[in-house]
Visitor: 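Here's a structure for you.
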Number of protein chains: 2
Amino acid sequence: MEVHTADETMARTNGRAEEEGFEMAVTLAEVAARAGVSSATVSRVLNGGYPVAGGTRTRVEQAVEELGYIANAPARALAAATSDLVGVLVHDVADSFFGILAGSLQSALDPTGPGEARRLAVVCNTAGDPAAETAYLGLLEGQRAGGVVLTGGAAENPDHTAALAVRVSRMAAAGTRVVLCGRPPLPLPAALPVATITFDDRGGAFRLAEHLMTLGHRHIAYLAGPPGLSTTRERLAGHRAALARHDPAGSDACAALTVHAGFERSAGYDATRELLRRGRPFTAVAAANDTVATGAAAALREAGLRIPEDVSVAGFDDLPFAVDTAPALTTVRVPLREAGLLAAQLVTGRRALPPGGITTLPTELMVRGSTAPPTAGRRRP
Amino acid sequence: MEVHTADETMARTNGRAEEEGFEMAVTLAEVAARAGVSSATVSRVLNGGYPVAGGTRTRVEQAVEELGYIANAPARALAAATSDLVGVLVHDVADSFFGILAGSLQSALDPTGPGEARRLAVVCNTAGDPAAETAYLGLLEGQRAGGVVLTGGAAENPDHTAALAVRVSRMAAAGTRVVLCGRPPLPLPAALPVATITFDDRGGAFRLAEHLMTLGHRHIAYLAGPPGLSTTRERLAGHRAALARHDPAGSDACAALTVHAGFERSAGYDATRELLRRGRPFTAVAAANDTVATGAAAALREAGLRIPEDVSVAGFDDLPFAVDTAPALTTVRVPLREAGLLAAQLVTGRRALPPGGITTLPTELMVRGSTAPPTAGRRRP
DNA sequence: AGCGATCGGGCAAGCGCTTTCCATCACTCG
DNA sequence: CGAGTGATGGAAAGCGCTTGCCCGATCGCT
C-alpha cells in the first residue's frame, strides 16, 4: 500500500501548528492522503450512501483509526445544510416531568452508538415563556438543527402560536423534523410532516375522578393547572366529565371547588390553604400534577388533617417520588419515558410519521394510599 | 440610503430557490447588499470587537431586522473554529440531582438574552459508563464545543481517567473551556485552564454523622455509594471521621454496618433488607443520597419499623422531594443550583478561573423529622 | 499646507466538509 | 471485437461566515 504525502496546504498547516506549539485537528484531507485516496472517497465511506470498494473502504477506515480522525461537525453541517443537533424545548429540565422526558429522549438518540446515530440533544428551558420559546427556535434554526422536539409548558396564546407556527413551518420546510410532545398540534400547512405526541390526559383525569367518586367522595376539590394550557384543559375536562356523569346536576358545586394554580408545589400549598379558608367542605382533592398534590398534602397536614382519613389526595403524572410521599400518592401514570423514546424515533426519522401525524399515549390510574373512602368520624376541612 | 442589489451568486441562488418552491435562508451577503456594505462589515457589527461607525451599524442592524436574518451557526463555527455549544455530561438528566444541576446551568447560559450570550447546552447522559463519557467528549470535540462541563457519575478507574485526560487536554488546548463539577480534578498539565467545582461532601457527612451521634445513636448503618467514586469516598470519609471522633475504638462496628450500594432507590431498599437480614442491630441509617435513603425507608417500613421512632433515616443532597417523604428527610443540602450557575459562568468565561482552579461549595445539614433520639421502647431491627 | 496616524471598511483567502459532475476501467453483449 | 454499462473514484465548486491585510479618507499637528 502506497502512502501519499499530504499536499502543500496541509504541509503549511502543520508547519504553522508546530510553530504555535499545539497540534491541529486531523482533517479529511489528511486521512485521504494517508489512505491514498481523495477526500471525496473518505467522505463517502464515512457517510455511506455511495458504493465504495471493499479494499478502499478498509484502507480508509484504517487511516481514520490510525490518525484518530474526528470529523469537524460544523463543516459537515455547513456543507450538508443540516446538523446533528436535536433541540428539545422544555419548561425546565430540573422538573422531573421534563427531566424524565428529556433524559429518555436523549438516551434514545444513542449518539455514542455505532453508525449514523450521532444526534446530540440541545436542551432549552423555556420557563413557560413564549418569547423564550420563539427565541430558542430561532437559535436552533440558526444551528440548522436536524430536529426539534417541543414539549408542553409554554402558555398557549394565539399570537404566540402564530409566531411559533411561522418558525416551525419554515424549519420543517427546510428539512428539520419537528415533534410536538404533550402539547396541541400547531396550525400548520397540512403538508408538513410534523408529528404530535399527546397523552390521554382527559381519560386519566376521568378515571381518577371516577375512582374518587366510587370511593364515595362527592365534594372533590380540584387544583387545576395554569389556565390556557391544553394539559390543564384536558385534565379538567376529564375530571368534570366524570363528575357530571355521576351527578349531572352537581356541576355548580364542583366549579366552586376548582381553583387554577401553577404547576409547582407552592401553588398547591397556597391554593389548598385558600380552599381551606373558604370553608367550603370537601373530602378529597385532586391536583393538576404530583408536585401540586404534594404541596396540597403539606397544607392539609399543617391544618391538622390526616391523609387519607380526613381528606384524600390525588396527583397526576406518577413521578418517581409519588411512591414515597406520606402516604404514597394515588395518581395517574403518564408514560414519559415511552414518550421520550417515541419522540426520539420520530425526530431522527427512525420511525415513520403515524397516519394523521398524531399519536396518543395511554395513561394509567395508579391507586395508592392517599385516597380512601371518606370516613364517618373524620375531621372536616 | 442607497440599496444595492444582491450580486449574481445570490441572484442565482434565489432563482433556484424559487424554482424549487421554498425560500432559502437569508445570508450575510444579502444583508450586506441591503445595507450597502460588505459582508465583512455586517459580520463585524454582529460580532463586535471591531470599530464600526454608528451610521453604518444602524443601517446594518436595520437590514438584519428587515430581512429577519438568522446567522448560520455551523458556518460561523467553521470559520471561527469554535461553536456556541456547551456540552454537559451527566449521569442522567432524569435524575433530579443532575436535572437540577443541568437545568440551572442551562438557564444561566441565558442563550436568549441580549448580546453575546448565545451558548446552547448539549446534554449527554453517560449512565455512568466511562466509554460513553469518552465517546461524548469525542462528539463534542467534533462539534468544536466552546465549553464542556463534566459532572460526576462515571466510575473513576485509572484507564478511563487517563483516556479522559488526553481528550480533555486536547480540547482545552484547542480553546474549549472545561469545567469539572462534583468530580475530582483530572491529572492534566498544570498550564491548562480547567476549572473544578466540588462540594464539601466530607464536611456534610461529618456534620450529619455528628448530628446522629449527638442524638444518641451509636449503631449507625451507612449505605455508601458505588465504590470508586470520589463522592462516595468523601462522604464515607466524613462519616467515619465523625464516628471515630466520638468513639476512637469503635470503628470496627461501624465497618460492619457499612454497605456499598448504587445511587438508586432500589439499591437503598435492597441494602437495607440485607442489613436487616444480617441481624446486626442499628438505630439509624445514613444513606449515600436521598434517593437511596428513600429506598431504605421503604424497606424499614416494610419490616414494621417506624421512622424515626424505631430507626432514624438520613439522606444526602436535599433533593426537592426530601421535604415530602414520610417523615420529612434529614439530609445534607448540596448547592446544585449554585453549582450550575457557577459552572455556566466558568464555562462561558464570564467568570475568571479562581486561583488554583478549584472552588469548593459548602454543604448544609438539614435536620428534619426522619431523625430523632433512639427511644427506649423501640422495636429493634 | 503637508504628513503621518487613525479610523472605517472592502477584498479575498480560507475554515473542512459534501456533492455534482466526470473520467476511468473492467466487463458484457450483440 | 467495438460500444454500451455499471461500478468506482477524482476534481472542484461551493456551503456562509470570519479575519488578516490593505487602502482611502479624515484628522491632528507642526
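These values consider heavy atoms only, across backbone and side chains, with no hydrogens, waters or symmetry-generated copies. Predicted model, so just to flag it, every value in this text is computed and none were measured. Chain A is the first sequence line, chain B the second, and so forth, proteins listed ahead of strands; every chain is numbered from 1.
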Visitor: Could you give me the CA-CA distance, side-chain angles and deciding distance for B:Asp84 and B:Arg118, then say whether salt bridge (charged side-chain N to carboxylate O under 4.0 Å, His left out) is met?
Guide: CA-CA 6 Å; B:Asp84 300 331; B:Arg118 67 173 100 77; 3.7 Å; yes
Visitor: Is A:Asn47 near enough to C:dT18 that one of its side-chain N or O atoms lies under 4.0 angstrom from OP1 or OP2?
Guide: yes
Visitor: So, A:Glu133 and A:Arg167, do they make that salt bridge, N to O below 4.0 Å?
Guide: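 Judged by the 4.0 Å cut-off on N to carboxylate O distance, A:Glu133 and A:Arg167 do not form a salt bridge.
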Visitor: Between D:dC21 and B:Tyr50, is there an OP1 or OP2 to side-chain N/O distance shorter than 4.0 Å?
Guide: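 Checking D:dC21 against B:Tyr50, no side-chain N or O comes under 4.0 Å of OP1 or OP2.
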Visitor: Work out which heavy atom in A:Ala25 is nearest to a heavy atom in B:Arg144; give both atom names and the distance.
Guide: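 The answer is CB-NH2, 3.6 Å.
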Visitor: Provide, to the nearest angstrom, the distance between the CZ atom belonging to A:Arg76 and the C1' atom belonging to C:dC15.
Guide: 15 Å
Visitor: Quick one: does B:Arg44 reach the base of C:dG10 with a side-chain donor-acceptor pair under 3.5 Å?
Guide: yes
Visitor: Let me know the distance between CG of A:Leu28 and P of D:dG10, rounded to the nearest Å.
Guide: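 It works out to 13 Å between those atoms.
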Visitor: Have a look at B:Ala81 and say if it touches a base, only the backbone sugar-phosphate, or nothing, with a 4.0 Å heavy-atom cut-off.
Guide: nothing
Visitor: Indicate whether OP1 or OP2 belonging to C:dG10 is found under 4.0 Å from a side-chain N or O atom of B:Thr41.
Guide: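 For B:Thr41, the contact criterion (side-chain N or O under 4.0 Å from OP1 or OP2 of C:dG10) is met.
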Visitor: In whole Å, what is the span from the CG atom of A:Leu46 to the C1' atom of D:dG9?
Guide: 16 Å
Visitor: With nearest nucleotide decided by heavy atoms, which residue, A:Ser39 or B:Val26, maps closer to the 5′ end of DNA chain D?
Guide: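 Per heavy-atom nearest nucleotide, the more 5' residue is A:Ser39.
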Visitor: Indicate whether OP1 or OP2 belonging to C:dG9 is found under 4.0 Å from a side-chain N or O atom of B:Thr56.
Guide: yes
Visitor: It should be established whether B:Ser43 places a side-chain nitrogen or oxygen under 4.0 Å from OP1 or OP2 of nucleotide D:dT18.
Guide: yes
